[in-house]
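So you know, we letter chains A, B, ... as the sequences are listed, proteins then strands, and number each from 1.
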Amino acid sequence: MPLRIVMAKVGLDGHDRGVKVVARALRDAGFEVIYTGLRQTPEMVVDAAIQEDAQVIGLSLHSGAHMTLIPAVVDELKRKGAEDIMVFGGGIIPEEDIVELKRLGVAEIFPPGSGLQQIVDFLRERFPEEAAAPA
Amino acid sequence: MPTADGHLARVLADFRAGKVRGLARAITLVERRDPLTRQLFEALGPPAKSPLVIGLTGSPGTGKSTLGDAIVALSRKAGLSVAVLAVDPNSPFTGGAVFGDRIRMQRHALDPGVYIRSMGARGHLGGLSVASREAVRLLAAYGFDLIILETVGVGQSELEVAGIADTTVVVMAPGLGDGVQMIKAGIMEIADIFVVNKADLPGYERTMQEIRSMQNMGPKLAWKPPIVATVAARGEGVAELKQAVERHQAHLAASGEGKERRRRRLEEEAADLVAEWSRVAARKLVQEDPKLRRRLENEQAPYGVAEAILKEQGARLVPGVSSKEKPK
C-alpha cells in the first residue's frame, strides 16, 4: 500500500508551481499524492486528509502567513482527533519560524533550496513500510 | 503497533458511529487487500438500504469529474447524501500517482453530506481498481443515498464499471471520433445513458447524430439509451441527465432487469473472489514448493500444476484457513 499524501496550498496564495513539482517528485518516488488545489482552508485540508485516509499532509506556503495557517492545520487535526496524521511544509519560511513550527508539532519544513530527494528521503525514513523505494 | 483485531474493532466502532475516519480506514483495509476484509463485511452485515450507484466512464478529458461535481451539487439540493469514488491510474513504473479529482469538487469540501475518495487503479486494467466494488459496498453500508463511481479515463475495453453501477453513463465530448468508432464493440455497448459533454463546443450535434445513427443500426432494445447534451462546467443539462437516470431506474424496476443485474453481479463477485484467493495462495505455494516448481520446469506448461493445486489444496486456498486444517 503506497504512502498517501494530501498536498495543498492554504490561504490566499496562487503560487502553485512549487507544490506541483513536489507532487510530481513524490509520484515518481512511488507515493499516492492527492492534490487538492489552491486557496484551501485548514479545515478543508484536514477533512480531505481524513476522507482520503492519508498518513501525511504537505503544505506549501509563499504568502508569509505560515505562522497562522500551518499551526491552524495542526490544531484542526487535534480537534478532529487525527493528530496521527503527519504535517510537513515548504516555502519561503525563515529559520526562526521553522524552529517554532517544529515546536508546535510540524514534522519538518523544507525552505527554498531544499532538494526533492531530501523530501523523499525524509518520508521514506518516517514511513519505512509504506514508502519503501520501488524494487 | 495495534493488534489486527484491535484495529478492526476500532474501525468498526467508528464506522458504526458514523465517523468519516471509520469509513476511510475501512476503505483502506479493502484497498490493501487486508485479510481483515472478510471479518469487516461479516460484522457489517447486508446494508440496510441500497443506494443508487451511478457509473461515469469515458475517455480522458471528456469531463467526468466536472460532471460528477455537477451531479453532486444537484443531488445535495435534493437533500441526498453523496459519495464519490474517483479511480485514477498509478504509474506502471513507480506505482505512484497524482489524484486531482478533488480540485473539481472543491465547492463540496466542507459539506458533511459529501464524501470523496480518490483511488489508485494500482495496475488493474478494467478501468477500476480491484477494491472498487468492495469500496462501493462499504459506502452503501455507511448509508449514502447516492454513490458516483468515476473510472479512469478509459479507451474502449475498460468495461468493469457496468458490472457495479446501477446506471452506467458513458461521457463523450465533441471531436473525439467518427462513425466507425461508434460501431466498434466495447464501451459504446455498456451505456445506459450517453452524455455528450462540452456541448458549447462546435461539433457536438454531429457527435449526438453519430450516436443516434449507431443506435438505429442495431436491433430494437427494451431500453434505448437516451443521449443527453450537457455543459457540466455550467451545470447545463444536468437536470435532464438526472431525469434520464430516473427513467432508467424505473425501467430496471419495471422490467425486472434491475433484479437480474444484481443477481449477476453477486455471481460475478463470487467468481472474482475465488480467482483472487486462489491466485494469491497459488503464487505462494509455487514459490514455496520446489516440487511444483520442478514440475513446471519439466512440463513447460501450467495446466498440470494448476489442476494439482486446485485438487489438492481446495479449501486451503481460502485466506485464514490454516494449511494444517483438513480440507473438507
Gly30(A) backbone acceptor or donor facing Ser91(B) side chain under 3.5 Å: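 No, Ser91(B) side chain to Gly30(A) backbone: no donor-acceptor pair under 3.5 Å.
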For the student: nearest non-hydrogen atoms of Pro2(A) and Gly95(B), plus distance: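 Pro2(A) and Gly95(B) have their closest heavy atoms at CG-O, 4.5 Å.
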Please report the interatomic distance [atom1]([X]) to [atom2]([Y]), rounded to the nearest 0.5 Å.
{"X": "Glu32(A)", "Y": "Ser118(B)", "atom1": "CD", "atom2": "OG", "value": "9.0 Å"}
{"X": "Thr28(B)", "Y": "Gln55(A)", "atom1": "OG1", "atom2": "CD", "value": "7.5 Å"}
{"X": "Glu52(A)", "Y": "Ile116(B)", "atom1": "CD", "atom2": "CD1", "value": "8.0 Å"}

Glu125(A) CD: over 12 foreign heavy atoms closer than 6.0 Å: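 No, because the 6.0 Å sphere around CD of Glu125(A) holds 12 heavy atoms or fewer from other groups.
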Atom CZ of Arg21(B): over 12 foreign heavy atoms under 6.0 Å: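 Yes.
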Positions in residues 77-91 of chain A that reach chain B, provided some heavy atom is under 4.5 Å away: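 The residues closer than 4.5 Å to chain B, in numerical order, are Gly81(A), Ala82(A), Asp84(A), Ile85(A).
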Neighbours of chain B found in residues 33-51 of chain A - heavy atoms under 4.5 Å: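 Heavy-atom contacts from residues 33-51 of chain A to chain B are Val33(A), Ile34(A), Tyr35(A), Thr36(A), Gly37(A), Leu38(A), Gln40(A), Thr41(A), Glu43(A), Met44(A), Asp47(A), Ala48(A), Ile50(A), Gln51(A).
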Heavy-atom proximity to chain A below 4.5 Å, by part of Arg104(B):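 When you check distances to chain A, no heavy atom of Arg104(B) falls under 4.5 Å.
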Full working for side chain to side chain contact (heavy atoms under 4.5 Å, CB included) between Phe99(B) and Met7(A): CA-CA 10 Å; Phe99(B) 304 132; Met7(A) 296 285 295; over 6 Å; no
Most contacts with chain A, counted as non-hydrogen pairs under 4.5 angstrom, among Leu110(B), Ile27(B), Asn90(B), Val20(B):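 Most heavy-atom pairs under 4.5 Å with chain A: Leu110(B).
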Pick from Arg122(B), Met119(B), Met105(B) with the largest number of heavy-atom pairs that fall under 4.5 Å of chain A: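 Looking at each option in turn, the highest pair count goes to Arg122(B).
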Beyond-backbone contact of Arg117(B) with Asp53(A), side-chain heavy atoms, under 4.5 angstrom: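 Sidechains of Asp53(A) and Arg117(B): in contact.
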Steps toward side chain to side chain contact (heavy atoms under 4.5 Å, CB included) verdict (Arg24(A), Val98(B)): CA-CA 7 Å; Arg24(A) 165 76 203 257; Val98(B) 175; 5.7 Å; no
